[in-house]
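Numbering of ligands and ligand atoms starts at 1, following listing order.
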Amino acid sequence: MNIDNLMNDLEKKHPGEAEYLQAVREVMESIEDVITDNPQFNAAGIIERLIEPDRVLIFKIPWVGDDGEVNVNLGFRVQFNNAIGPYKGGLRFHPSVNLSILKFLGFEQIFKNALTTLPMGGAKGGSDFDPKGKSDAEIMRFCQGFMLELWKLIGPETDVPAGDIGVGGKEIGYLYGMYKKLAREHTGVLTGKGINWGGSLIRPEATGFGAVYFAQEMLATKGENFQGKRVCLSGFGNVAWGAARKIQELGGKVLTLSGPDGYIYDPEGVSGEKIEYMLELRASNQDIVQPYAEEFPGAKFHAGKHPWEVPCDVAIPCATQNELNEEDAGNLVSNGCFCVAEGANMPSTPEAIEVFLENKVLFGPGKAVNAGGVATSGLEMSQNAMKLNWPEEEVDTRLHQIMKNIHEACVKHGTEAGGFVNYVKGANIAGFLKVANVMLDQGVL
Ligand code: NDP
Ligand code: 2IT
């Protein structure tokens, strides 16, 4: 496989789709040797079939604001690959959303979902709708308009969306209500549902808990754990909240949070009521982290800066793609950070990843580290299919075991001569092999 030729052809077909091309290149670089050693994949055109989505739906959502004005947003669903199960992946509502971002997320989701060991294919969707400053009534009308188009494409055995940035329990409720009305059925068509209508315990916490379980496994390879560790987090949303809770439980200290406006440094640690305050901040729909420093005066707000300049042992980026660059990676390494676990999807730039790998940092990529969210969505689907609910402990135990298994798969496929574990390679190879072999079994489709 000539990666440069492949990428040039792909770029010609999809010019300007930077995030999508970035995600494809990373996977191709990891699996290059696997492709050379297994000519059956090329013979079946696996790569060419894997890097293009099965289909993409783009639609418009006209909706009326509280002021009576008509607004029009774009909606998307990228159904990437359903070799191992129904299409599965979140919906993102954020003004930055475009086709490139959703294709990168859908592509990553194929391998992430394969790593969970559960039967789920890869998809992603969303809209450039900005929830910031919108009333509940506006969010409801928008979600209803979104589902009016989407419902035709999805179903509990076809495609099962969930949340992502800007889509939490409230939005899933409005989306589910509209689906139920249109399809005239109660099914597990979305995950992240409310606990009284088919949701799973632990799903809200799952991505953050899972990320910390994975980091725990990485630390254990060095005989370490979270006790007394200084941890820098970015973001202040769902993933950061779950991670903060679990780190506190394990005896670590969360020093930072961040938003698009800058970062918070809290030398006393983000713990107890401060963690729950994150939920209030997000629910305010203001999308700034600065008020934390006004609420808790021991903390300091640093406008327009990344949290990665604060000395720490472990870093867990939980905000968005490409939020941690080469300079940030350099700062982390020179300040002694030895473990980086990606809670967000593709938060580190390729240059930053290179810095981490060159310096033998324990670096866990998003598709492995944050797979606990979609894994617990898979557990929600299982519970829906059985029409019963597992207790919290059962879901958490399964989630924990899944994260341990993903870590083991990364070690199996990513251990280099000399013993260093390249988790990027390990996750990409393990995820790819599963999907590629299933595609071989099922023929050219
Ligand atoms: P939330 O909407 O709950 O929080 C997102 C956080 O990231 C907010 O703090 C948000 O602030 C910030 N953020 C978003 N876009 C930007 C930007 N362009 N620049 C700086 N900060 C930004 O989302 P989640 O916590 O659910 O998602 C966070 C990350 O985790 C995403 O990468 C998501 O894809 C990933 N993820 C989520 C899973 C889940 O189950 N929810 C599962 C696996 C991965 P603001 O909104 O103000 O921009
Ligand atoms: O990026 C992700 O894995 C998610 N946003 C969760 C997807 C899901 O279907 O639960």
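Residues F80 and F107 bring their aromatic ring centres within 6.0 Å. Not less than 6.0 angstrom separates the ring centroid of H94 from the ring centroid of F129. Ring centroids of Y277 and F296 are separated by less than 6.0 Å, placing the two rings close together.
Here the straight-line distance linking atom OG of S234 with atom CD of E323 works out to 3.5 Å at 0.5 Å rounding. Atom CD1 of I247 is separated from atom CG of L255 by 10.0 Å, given to the nearest 0.5 angstrom.
The protein non-hydrogen atom at the shortest distance from atom 9 (O) of ligand 2 is K88 NZ, 2.7 Å. The nearest protein atom to atom 2 (C) of ligand 2, hydrogens excluded, is given as K112 NZ, 3.3 Å; this is a heavy-atom distance. Atom 23 (O) of ligand 1 has its closest protein heavy atom at I165 CA, 3.4 Å. Closest to atom 39 (C) of ligand 1, if we only count protein heavy atoms, is T207 OG1, 3.4 Å. Residue, atom and distance of the protein heavy atom nearest to atom 12 (C) of ligand 1 are A319 CB, 4.0 Å. Here the protein heavy atom with the shortest distance to atom 35 (C) of ligand 1 is N345 ND2, 3.7 Å. Of the protein's non-hydrogen atoms, S377 OG, 2.6 Å is the one closest to atom 10 (O) of ligand 2. Atom 6 (C) of ligand 2 has as its closest protein heavy atom R203 NH2, 3.6 Å. For atom 7 (C) of ligand 2, the nearest non-hydrogen atom of the protein is G90 N, 3.6 Å. With respect to atom 20 (C) of ligand 1, the closest heavy atom belonging to the protein is P260 CA, 3.9 Å. For atom 24 (P) of ligand 1, the closest heavy atom belonging to the protein is V239 CG2, 3.8 Å. With hydrogens left out, the protein atom closest to atom 18 (N) of ligand 1 is T320 CG2, 3.8 Å, a heavy atom. Protein heavy atom in closest approach to atom 3 (O) of ligand 1: N238 N, 2.9 Å.
Under a 4.0 angstrom heavy-atom cut-off, K124 registers as being in contact with ligand 2. Not a single heavy atom of M120 sits less than 4.0 Å from an atom of ligand 2. Residue contacts with ligand 1 include R92, since one of its heavy atoms falls under 4.0 Å from the ligand. Residue S96 places every heavy atom at 4.0 Å or more from ligand 1. Heavy atoms of E108 come nearer than 4.0 angstrom to ligand 2 in no pair at all. Using a 4.0 angstrom heavy-atom cutoff, G163 counts as in contact with ligand 2.
Using a 4.0 Å cut-off between heavy atoms, K132 makes no contact with ligand 1 at all. Contact annotation: for R282 versus ligand 1, heavy atoms closer than 4.0 Å belong to the side chain alone. Contacts between R203 and ligand 1 below 4.0 angstrom, taking non-hydrogen atoms only, involve the side chain exclusively. Only the side chain of N345 comes within 4.0 Å of ligand 2, counting heavy atoms alone; its backbone N, CA, C and O stay farther away. The part of H94 lying near ligand 1 is the side chain, judged by heavy-atom distances below 4.0 Å.
Residue K134 qualifies as enclosed at atom NZ: its count of foreign heavy atoms under 6.0 Å is above 12. For E273, the CD atom sits in a loose shell: 12 or fewer heavy atoms of surrounding residues, nucleotides or ligands are nearer than 6.0 Å. By the neighbour-count criterion of 12 heavy atoms within 6.0 Å, atom CD of E185 is densely surrounded, having more than that number from other residues, nucleotides or ligands.
Ligand 1 has an N or O atom lying under 3.5 Å from an N or O atom of F236, backbone or side chain. Considering backbone and side-chain atoms together, A162 places no N or O closer than 3.5 Å to any N or O of ligand 2.
Between F142 and F146, the ring planes are tilted. Angles from 30° to 60° get that label. Ring pair H14/Y20 is perpendicular by interplanar angle, where above 60° counts as perpendicular and below 30° as parallel. Ring geometry, W197 versus Y176: the interplanar angle falls from 30° to 60°, so the pair is classed tilted.
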Derivation and outcome, side-chain hydrogen bond (donor to acceptor under 3.5 Å, both in side chains), residues E138 and N71: CA-CA 11 Å; E138 289 177 317; N71 302 278; 5.7 Å; no

Audit row: D128, N98, side-chain hydrogen bond (donor to acceptor under 3.5 Å, both in side chains) steps and yes/no: CA-CA 7 Å; D128 57 2; N98 58 34; over 6 Å; no

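The G235 neighbourhood of ligand 1 comprises atoms 9 (O), with distances under 4.0 Å to a heavy atom of that residue. If you number the atoms of ligand 1 from 1 as listed, the ones under 4.0 Å from a heavy atom of C318 come out as 28 (C), 29 (C). Close contacts between ligand 1 and G166 involve ligand atoms 2 (O) [criterion: under 4.0 Å to a heavy atom]. Atoms of ligand 1 found under 4.0 Å from any heavy atom of N370, numbered from 1 in the order shown, are 43 (C), 44 (C).
A salt bridge links K305 to E309: one of the charged nitrogens lies within less than 4.0 Å of a carboxylate oxygen. Salt bridge annotation for R49-E52: absent, with no cationic side-chain nitrogen under 4.0 angstrom from a carboxylate oxygen.
Under the 6.0 Å distance and 45° angle rule, R282 counts as a cation-pi partner of F236. With Y265 as the aromatic partner, K300 does not meet the cation-pi criteria of under 6.0 angstrom to the ring centre and within 45 degrees of the ring axis.
Of the candidates I101, D164, D287, the one placing a heavy atom closest to atom 34 (O) of ligand 1 is D164.
Between N428 and the choices H413, K367, E108, the side chain to side chain donor-acceptor pair (under 3.5 Å) rule is met once, by K367.
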